[in-house]
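The structure under discussion appears below in the form of structure tokens.
By convention in this document, chain letters (A, B, ...) are assigned in the order of the sequence lines, proteins followed by strands, and residues within each chain are numbered from 1.
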Amino acid sequence: MIRCGTIGLGRFDLLSMEEEARRFWKTREIPRKWRSWDEGKPVFAFLEGPPTANGYPHVGHIRGRVFKDFVLKYMRLKGYNVWAQAGWDEQGLPVEVEAEKKLGIKKKKDIFRIVGAERFVEECNKLVDYYLKYWQDYATERIALWLDLENAYETRKPEYIEHVWYFIKRMHERGLLYEGKRVLPFCPRCETALSDAEVSQGYEDKVSPSIYVKFRLKNRNNEYLVIWTTTPWTLIDNEAVAVNPEGIYCKTRVGDEYWFVAESRLEEVMKNAGVESWECVERVRGSELEGLRYVHPLLEEVPIHTKHENAHYVITADFVSLDEGTGLVHIAPGHGPEDYEVGTQYGLPITSAVEINGVFNSEGGIFRGLDVNEASRKVTAVLREKGLLVYEGTIVHKYPHCWRCGTPLIYRADKQWFIRVSPYRSDLIKALSDVAIYPKKLRARFENWLENLKDWTISRSRIWGTPLPVWVCKDDPKKVKVIGSIEELKKEAEYLPDVDDFRLVHRPWIDRVRLKPTEDCKEWIRVPFVVDVWMDSGMAWMASVDGLRNRKLFSMLYPYHFITEGIDQTRGWFYSLLVTSVLLEGRAPYRTILMQGLVLDAQGRKMSKHLGNVIWANDLLTKHSVDATRAYILMRYPPAESFIFNLKEIRDVVRNLNIIWNVFKFADTYMSIDRFDPSKYDVLTTFNEGAPEDRWIISETNTLLRKFDELMGEYRLHEATKAVLDFFVETLSHGYLRMIRPRVWSEESLDRFHAYTALYHALKTGLQLLSTIAPHMAEKLWQDFIKRYEPGEAESVHLSRLSEPAKDLTDERIEKLMKVALGVISSAASLRNEVKIKLRWPIQYVKVGLPRDYVEGLKELKHIIRLLANSKDVIIVSYEELDCGEEEISEETKVDNVPLKTCISRELTSELRKEALAREIIRRVQTMRNSLNLKVDEPIKVYIKTEDDEISAALNEHREYVASEVRARDIMFGEGEADLAKEWVVEGRKVWIGIKRLRS
RNA sequence: GGGCCCGUAGCUCAGCCUGGCGGAGCGCCCGGCUGAUAACCGGGAGGUCCGGGGUUCGAAUCCCCGCGGGCCCA
């Protein structure tokens, strides 16, 4: 009887547990063992969505990565060989922007002029290394996300880049690669085109000018078209005016002029223009205006327009809105996707006087050298001078901005390289139909995106990226050669720069490669682009394992079982994986997608550097324990919902974990006193032969296992998490522990070993599930609790194997009955509260009325009700038979659809009073034991002196009961030599109590 | 302009698919326990289930129309 709880589990301290567990894992190499594969087990292949190795990880990243680990840890517990390779997305614009900042570069040209491309690329590479450390530490190891970092795939590595080249070459061979001219969004600061996916990430409010401009009609007397635009600079490349063919336009007299404006907009336009007196003299259908010629408003300033022949007239287009502006839209085919389309239809000149950096060239006439903003101001000023400006104001509207640097984008026509994916829309949708998407409701969005798919613009005018492996013939640019591997490059090269493979497959070194002349071409020239980074990560399904060479491994993993990233990746990574895999292999590369929602701050706002409300991973994890953070993230919201991150709420989770800790501590206290050895007991025996509550908790444990599996199967991660926490807090702590207290306390009760067996089983199972949520604390409990009772168990909780839910350990009937019993107890507590009888005071009886079917069943749980309601008797009858009288108080409720009526006796007999007083004394002795810091089972001697007859009588009558409860060898009346003595007031009467410790 | 989602207690959210009780945690109030103890437990108050209409014996739940908020696409 020496081992008394104290050497078992210590104080609850998450941070120190975390520390300890991390050390343990490191010295024992647990993560490596966790990742190792056993022959014959099924494989669960996870494909890591590579974070961009740029910038620090924040709480949004942590959320996603906790989801990943939760699922992986679970699958491993279930006995799968888990594939958990890390991966990093290392190239692309984000890194370049960062490098520019660091090197103090403002324009792209300066990269070549001032620092040189070599140094720039080395700088990008170094930055990647810098940020990788944070990601490996705070966003991976620190949160116990056990990805294989040593064998992480990296998009900058030559063998990875080869896979991207391979894809492009295959597309070329199938005639799907082409160079085309298209109007694309450009970032003038980054000097590169952006993909649709990138654009869609950057819609933000922008204040733009909003002007009405008069275009004078040719061969008419003082008649004008009044157009509306929010981008005055595009007027420089204006080639037509579009009207809605079905719209009604008014020829409106304003002074001695006639203006054409949509009828529906007339009032508003006139108001804005400050025209007080006007008259609609003629109503014309839009289609009737078609073909009317006008004078370009900037003809003198932009002389090139005098040479444009098929231009400057009214055309019709369905997209022209009659609800905004003037109902007439100016068309600059080089500056808008819709303008371009309609311009091509009419055969208008496609002009763009704007260079990639947003500055006008000589075709812009007097606007040459101005950037688009300056040009807008000057255009407006010129129009004002010429008397053509009708109205000048501003408008706030959603406008696309560069997702990296925030610069408003410009649209301009340019030559780019494309992959023809639009013919494959239906194949993509079909491939997606084999994929499980969680939550299910988001499938429609993905399909919607695929239905509207345009050809993929894969070229980028940047430097730090996978070079586009395309060479064109100098004399005949239609001749195209695509290189598909490093080996091929070396074979085809006439001159190779003397560098390693890493540099060879990067700009600027690859630009220096000279290919051998071929029969049909004397000189090949590489197109100066890199590849859209989304293609880098999009090839991860193959490139991550060097799949071109590593066929066996690749075929074991592909198609991957599971990927999960933010919902925004529908247009990003989810898409680029799908398209590359469908085009190469004819199917989706993944079987399950779990979409994640955003993370917002406590006020529900988006986290942004600008608002200063970003919670960084390292701040979060140094202040709060990983386990509490994980549990909080996992339980609080469904994975796909926006997460309002409120640091204060982590405290509530800590409280839950603390209760779990205490549950183990409670168990350990008594199991160790009794030297409980689980190997000697069998759960099935206890299930069948133990007390009803033992059967109940074993059944609940099984139900938890089954429920957890079900919920995980549907990726309802938050509900699975809550089920585990609830099991510990509600079922065990508030339920079972209260029920078995007297049994484990009494030294006589032999069936307490049934309780230990049931409890141990529940704790061990719960602990395994908990290990997916709070891995550090679970490990600590596994080592300090489970391994002490079962030294032969797995080395780590994470290497243990979860049992399958078992039919023969489930009893739904007892679960239901216990719910009812707990409902009765709750009613009794409520009634006590009403008549102010505290729980310590026993009551005569509790009467319960309920449907006939439940009467006999509930009687099996009488002893539980008696105990927890502290009632001498429990009377259970059918609902109709129940009769509550004057001396009773009653309450009706429903528990799990079972109607219940409960009443309790409010009469306190003298017998009950005496017992209550005895318990009052017990309580006070216990308090005194506690302040002497006595061990749980340390014996004492008690002295009591009181002049109250009732208390004396109570003590006489319950002497043995009191003695056993307080572990007293003897109870003496009168004062005596004590280690601690105190005078108490019990129910208004003075009692002197002294206790003396005895040697055990 | 099109698509999707959301609106339930003071706050954050379940419930809705498959119609039949309006729930949880936190906060608040009241109480208990003192052998899990720098803890813990019980009880209570609090609701126009956004508004209106419809279907139904019956609607938070299904349908329609509004209002408000969010996301995506244009």
- Query: If you measure from the C1' atom in B:rG22 to the same atom in B:rC67, how many Å do you get, rounded?
  - Reply: 24 Å
- Give a yes or no on whether a salt bridge exists between A:E649 and A:R636, defined as a side-chain N under 4.0 angstrom from a carboxylate O. yes
- Message: Give me the distance, rounded to whole Å, that separates B:rG54 from B:rG15 when you measure between the P atoms they each carry.
- Response: 29 Å
- Note on the structure: By the Watson-Crick or G-U definition, both distances under 3.5 Å, B:rA38 is matched with none
- Message: So, applying ring pair (Phe, Tyr, Trp, His ring centres under 6.0 Å) with A:Y756, which one of A:F666, A:Y670, A:F676 is it?
- Response: A:F676
- If the P atom of B:rU48 is compared with that of B:rG43, how far apart are they to the nearest Å? 25 Å
- Message: Whether A:D784 and A:K780 form a salt bridge (side-chain N of Lys/Arg under 4.0 Å from carboxylate O of Asp/Glu) is what I want to check.
- Response: yes
Would you tabulate the pairs of protein nitrogen or oxygen atoms and nucleotide nitrogen or oxygen atoms of nucleotides 5-14 of chain B closer than 3.5 angstrom?
unit_1	atom_1	unit_2	atom_2	d
B:rU12	O3'	A:Y637	OH	3.0
B:rU12	O2'	A:R636	NH1	3.2
B:rU12	O2'	A:R636	NH2	2.2
B:rU12	O2'	A:Y637	OH	2.8
B:rU12	O2	A:R636	NH2	3.4

- Item | B:rA60 pairs with, by Watson-Crick or G-U criteria that keep both distances under 3.5 Å | none
- Note on the structure: Applying the 3.5 Å cut-off to both distances, the Watson-Crick or G-U partner of B:rG44 turns out to be B:rC28
- When A:W841 and A:F666 are each assigned the nearest nucleotide of RNA chain B, the 5'-most assignment goes to A:W841
- Task: Kindly check if the number of other-residue, nucleotide or ligand heavy atoms within 6.0 Å of NZ (A:K707) is above 12?
- Result: no
- Under 4.0 Å between any heavy atoms, over every strand shown, what does A:L737 touch: base, sugar-phosphate, or nothing? Just pick one. base
- Using a strict 4.0 Å threshold on nitrogen-to-oxygen distance, state whether A:R743 and A:E693 make a salt bridge. yes
Can you give the donor-acceptor pairs under 3.5 Å from side chains of residues 730-740 of chain A to other protein atoms, not counting sequence neighbours?
unit_1	atom_1	unit_2	atom_2	d
A:E730	OE1	A:H734	ND1	3.3
A:Y736	OH	A:D694	OD1	2.5
A:R738	NE	A:H734	O	2.8
A:R738	NH2	A:H734	O	3.2

- Task: Report the nucleotide, chosen from B:rU34, B:rU37, B:rA36, that has the shortest atom-to-atom distance to any side-chain atom of A:R923.
- Result: B:rU34
- Query: If the P atom of B:rA74 is compared with that of B:rA9, how far apart are they to the nearest Å?
  - Reply: 36 Å
- Message: Walk me through whether A:W841 and A:E915 qualify under side chain to side chain donor-acceptor pair (under 3.5 Å).
- Response: CA-CA 8 Å; A:W841 287 60; A:E915 188 178 334; over 6 Å; no
- 5' precedence on RNA chain B between A:D652 and A:I567 (nearest-nucleotide basis): A:D652
- Could you give the CG-to-P distance, from A:L725 to B:rC26, as a whole number of Å? 13 Å
- Task: Establish, from distance only, whether the side-chain atoms of A:R919 and A:N870 form a donor-acceptor pair under 3.5 Å.
- Result: yes
- Message: In whole Å, I'd like the distance from the CZ atom of A:R741 to the C1' atom of B:rU34.
- Response: 10 Å
- Query: Which whole number of Å gives the distance between the C1' atom of B:rG19 and that of B:rG66?
  - Reply: 24 Å
- Of all the heavy-atom pairs spanning A:A774 and A:L657, show the shortest one and how long it is. CB-CD2, 4.4 Å
- Measure the distance from CD1 on A:I843 to P on B:rG32 and round it to the nearest whole Å. 16 Å
- Query: Which salt bridge (charged side-chain N to carboxylate O under 4.0 Å, His left out) pairs, counting each pair once, include a residue from residues 823-832 of chain A, with sequence neighbours left out?
  - Reply: none
- Message: Suppose you measure atom C1' in B:rA59 against the same atom in B:rG20; what distance do you get, rounded to whole Å?
- Response: 10 Å
- Quick check, are the ring centers of A:F645 and A:Y637 under 6.0 angstrom apart? no
- Measure the distance from CG on A:L831 to C1' on B:rG44 and round it to the nearest whole Å. 13 Å
- Message: Without decimals, in angstroms, what is the distance between A:M595 CE and B:rC72 C1'?
- Response: 12 Å
- Sequence neighbours excluded, which residues qualify as side-chain hydrogen bond (donor to acceptor under 3.5 Å, both in side chains) partners of A:T629? none
- Using the C1' atom as the reference point in each nucleotide, state the distance between B:rU12 and B:rG27 in Å, no decimals. 11 Å
- Task: Name the orientation class of the two ring planes belonging to A:Y789 and A:F785 (parallel below 30°, tilted from 30 to 60°, perpendicular beyond 60°).
- Result: tilted
- What is the distance from CZ of A:R571 to C1' of B:rA74, rounded to the nearest Å? 12 Å
- Message: Can you check the distance between B:rG47 and B:rU8, where both ends of the measurement are the P atom (answer in whole Å)?
- Response: 15 Å
- Message: Pairing check on B:rA14: which nucleotide meets the Watson-Crick or G-U wobble criteria with it, both distances under 3.5 Å?
- Response: none
- Task: Name the closest nucleotide to the A:E338 side chain, picking from B:rA36, B:rA74, B:rG27.
- Result: B:rA74
- Answer yes when A:D668 and A:R788 have at least one side-chain N-carboxylate O distance shorter than 4.0 Å, and no when they do not. yes
N/O to N/O distances under 3.5 Å, protein versus nucleotides 17-23 of chain B:
unit_1	atom_1	unit_2	atom_2	d
B:rC21	N3	A:N897	OD1	3.4

- Note on the structure: Here the distance between atom C1' of B:rC26 and atom OH of A:Y632, to the nearest Å, is 11 Å
- Message: Without decimals, in angstroms, what is the distance between A:E341 CD and B:rA74 P?
- Response: 12 Å
For nucleotides 39-43 of chain B, tabulate all protein N/O to nucleotide N/O atom pairs closer than 3.5 Å, reporting atom names and distance.
unit_1	atom_1	unit_2	atom_2	d
B:rA39	O2'	A:N662	ND2	3.0
B:rC41	OP1	A:H734	NE2	2.3
B:rG42	OP1	A:H734	ND1	3.2
B:rG43	OP1	A:S826	OG	2.5
B:rG43	O2'	A:N833	ND2	3.1

